[in-house]
Amino acid sequence: MFLCYIDESGTSDVPGTSSHFILAGLSLPIAFWKQADRDLSLVLAKYGLENEEFHTGWILRRYLEQSKIPDFENLDWKARRFAVEQYRNRELLRLQGIGNSRAYKQAKKNYRNTSAYIHLTQAERLAAARDAADTVAAWGHARLFAECIDKIHFDPNRTKLTIDEQAFEQVVSRFHHYLSNVAGEANEQGERIISGYGVLIHDNNPSVAKKHTDLMRRFHASGTLWTTIDQIIETPLFVDSSLTRMVQIADLCAYSLRRYCENGDVDLFRRVFARADRLGGRTVGVRHFAGKSCACEICRAHG
């Protein structure tokens, strides 16, 4: 049995707030789930994050107030947290006082979503993301599947699908092909895998839950454009990402792919891309849906 944890990065709306939409799935044999969870807990404990949601996008943002606190890097974690919270409370009161409700609401949202990480400097937060990505890269039993869509090149009239529907169909199809390929192979303990069955575990995004559930029912009934679906069990299980470490790591993978596609940032990308599913020397698990002239690392590896 294989578990495939799925999350997205960017928006599927056009134009939306990103040029790309990424849907990524990270697959693990069920027997390795507990060890993988332990591995990540040990990494995050180094940064005081073992009991927090690891949301890569919020972790790697620049926290302006840290640069305004004297000698911030030399403070201990407790003192850093107190100093940042003091600054933020003062700023919220200032925004309330001048009646700027829009700025107040945005600041409050930003502060809430980054509160767990304010005891870490920007360099330490990047180090935490790198350590987590290196941990994933070391899992020889893990496989990464992803569809990276450049929305400029997407024509819904040609595909007859929306952007997020195409991404989901692609990830499901590639995961299913992988399950078919591993059947009959030996695992890392030398035990033969009689058959490969999988379950999809998806971040609980209310706007896509029903759509992807309905799509998966259709795939079970009539297959995808690429394959019949007879080795993926049930419809996706939708879970709260704040409570599920592996969905948070799928988020790390999706974020890393999008940062590479949009900004050419190879730091985290190359770490997680090491786990992309490959067959015959070709990367089959991750595709960049872009113009024919694209020569990025994903397109070259995918062929």
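Residue numbers start at 1 and run along the sequence shown. Computation of the quantities below employed the complete heavy-atom set of this structure, encompassing side-chain atoms and omitting hydrogens, waters and symmetry-equivalent molecules.
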(message) Quick test of your reading of the model: are Glu65 and Arg90 salt-bridged, counting only N-O distances below 4.0 Å?
(response) no

(request) Give, for atom CD of Gln106 and atom CG of Leu95, the distance between the pair rounded to the nearest 0.5 Å. (result) 11.0 Å

(request) Check for a donor-acceptor pair, side chain of Arg282 on one end and backbone N or O of His302 on the other, with a separation under 3.5 Å. (result) yes

(message) Is there a path of hydrophobic side-chain contacts, each under 4.5 Å between heavy atoms of I/L/V/M/F/W/Y residues, joining Ile30 to Ile201?
(response) yes

(request) Tell me yes or no: between the side chains of Glu53 and Ser241, is some donor less than 3.5 Å from an acceptor? (result) yes

(request) Can you run down the side chain to side chain donor-acceptor pair (under 3.5 Å) pairs that involve residues 39-48, sequence neighbours left out, and say none if there aren't any? (result) Gln35-Asp39, Asp39-Trp139, Lys46-Asp131, Tyr47-Asp131

(request) Tell me whether the guanidinium CZ or amine NZ of Arg259 lies under 6.0 angstrom from the six-membered ring centre of Phe269 and within 45° of its axis. (result) no

(message) Using the ring centroid of each side chain, check whether Tyr178 and Phe2 are separated by less than 6.0 Å.
(response) yes

(message) Could you check whether any side-chain N or O of Thr244 sits under 3.5 Å from a backbone N or O of Val247, counting only pairs where one atom can act as donor and the other as acceptor?
(response) no

(message) Regarding Glu147 and Arg174, does a basic nitrogen lie under 4.0 Å from an acidic carboxylate oxygen?
(response) yes

(message) For a quick check under 3.5 Å, do Ser173 and Thr224 share a side-chain donor-acceptor pair by atom type?
(response) yes

(request) Assess whether atom CH2 of Trp77 is packed by more than 12 heavy atoms of other residues, nucleotides or ligands within 6.0 Å. (result) yes

(request) In plain terms, say whether Asp214 and Arg218 are close enough for a salt bridge, that is, a side-chain N and a carboxylate O under 4.0 Å apart. (result) no

(request) Please answer whether the main-chain N or O of Ser242 pairs with a side-chain N or O of Arg245 as donor and acceptor at a distance below 3.5 Å. (result) no

(request) Following the transitive rule for hydrophobic clusters with a side-chain heavy-atom cut-off under 4.5 Å over Ile, Leu, Val, Met, Phe, Trp and Tyr, establish whether Tyr87 and Leu92 coincide in one cluster. (result) no

(request) Please tell me if the side chains of Leu3 and Met246 come closer than 4.5 Å, counting only heavy atoms from C-beta onward. (result) no

(request) Ignoring hydrogens and angles, tell me if any N or O in the side chain of Thr11 forms a donor-acceptor pair with the backbone of Thr17 under 3.5 Å. (result) yes

(request) Please check if Phe21 and Ile152 belong to a single hydrophobic cluster, counting links between Ile, Leu, Val, Met, Phe, Trp and Tyr side chain heavy atoms closer than 4.5 Å. (result) no

(message) Just verifying a value: how many Å separate Phe145 CZ and Arg287 CZ, rounded to the nearest 0.5 Å?
(response) 15.0 Å

(message) Could you tell me if Arg278 sits above the aromatic ring of Phe273, with its cationic atom closer than 6.0 Å to the ring centre and no more than 45 degrees from the axis?
(response) yes

(message) Is any side-chain heavy atom of Val284 closer than 4.5 Å to one of His177?
(response) no

(message) Less than 3.5 Å apart, any donor N or O on the side chain of His119 or Arg81 sitting next to an acceptor on the other?
(response) yes

(message) Main chain of Ser18, side chain of Lys151: is a donor-acceptor contact present, judged purely on distance under 3.5 Å?
(response) yes

(request) Verify side chain to side chain contact (heavy atoms under 4.5 Å, CB included) between His55 and Leu252, making sure each step is shown before the conclusion. (result) CA-CA 7 Å; His55 193 293; Leu252 168 65; over 6 Å; no

(message) In this structure, would Phe72 and Leu60 fall into the same cluster of hydrophobic residues linked by side-chain contacts under 4.5 Å?
(response) yes

(message) If we count only N and O atoms by modelled type, under 3.5 Å, do the side chains of Glu262 and Ser19 hold a donor and an acceptor together?
(response) yes

(message) Are Val266 and Leu268 connected into the same hydrophobic cluster when the rule is that any two of I, L, V, M, F, W, Y join if their side-chain heavy atoms are below 4.5 Å apart?
(response) yes

(request) State, with a plain yes or no, whether a side-chain heavy atom of Glu165 is found less than 4.5 Å away from one of Leu215. (result) yes

(message) If we ignore hydrogens and angles and just use 3.5 Å, is the side chain of Asp203 paired with the main-chain N or O of Asn205 as donor and acceptor?
(response) no

(request) Answer yes or no for Arg88 and Tyr63: cation-pi contact, defined as NZ/CZ to six-membered ring centre under 6.0 Å and angle to ring axis within 45°. (result) yes

(request) Name all residues meeting the salt bridge (charged side-chain N to carboxylate O under 4.0 Å, His left out) criterion together with Glu52; count only those two or more places apart in sequence or in a different chain, and write none if there are none. (result) none

(request) Please confirm whether the backbone N or O of Ala31 pairs with a side-chain atom of Lys34, one donor and one acceptor, at under 3.5 Å? (result) no

(message) Keeping Arg143 on the side-chain end and Asp277 on the backbone end, is there a donor-acceptor pair under 3.5 Å?
(response) no

(message) Please check this pair: side chain of Arg125 against backbone of Ile59, looking for a donor-acceptor N/O pair closer than 3.5 Å.
(response) yes

(message) Under a 3.5 Å distance rule, please check whether Gln96 uses its side chain to pair with a backbone N or O of Tyr104 as donor and acceptor.
(response) no

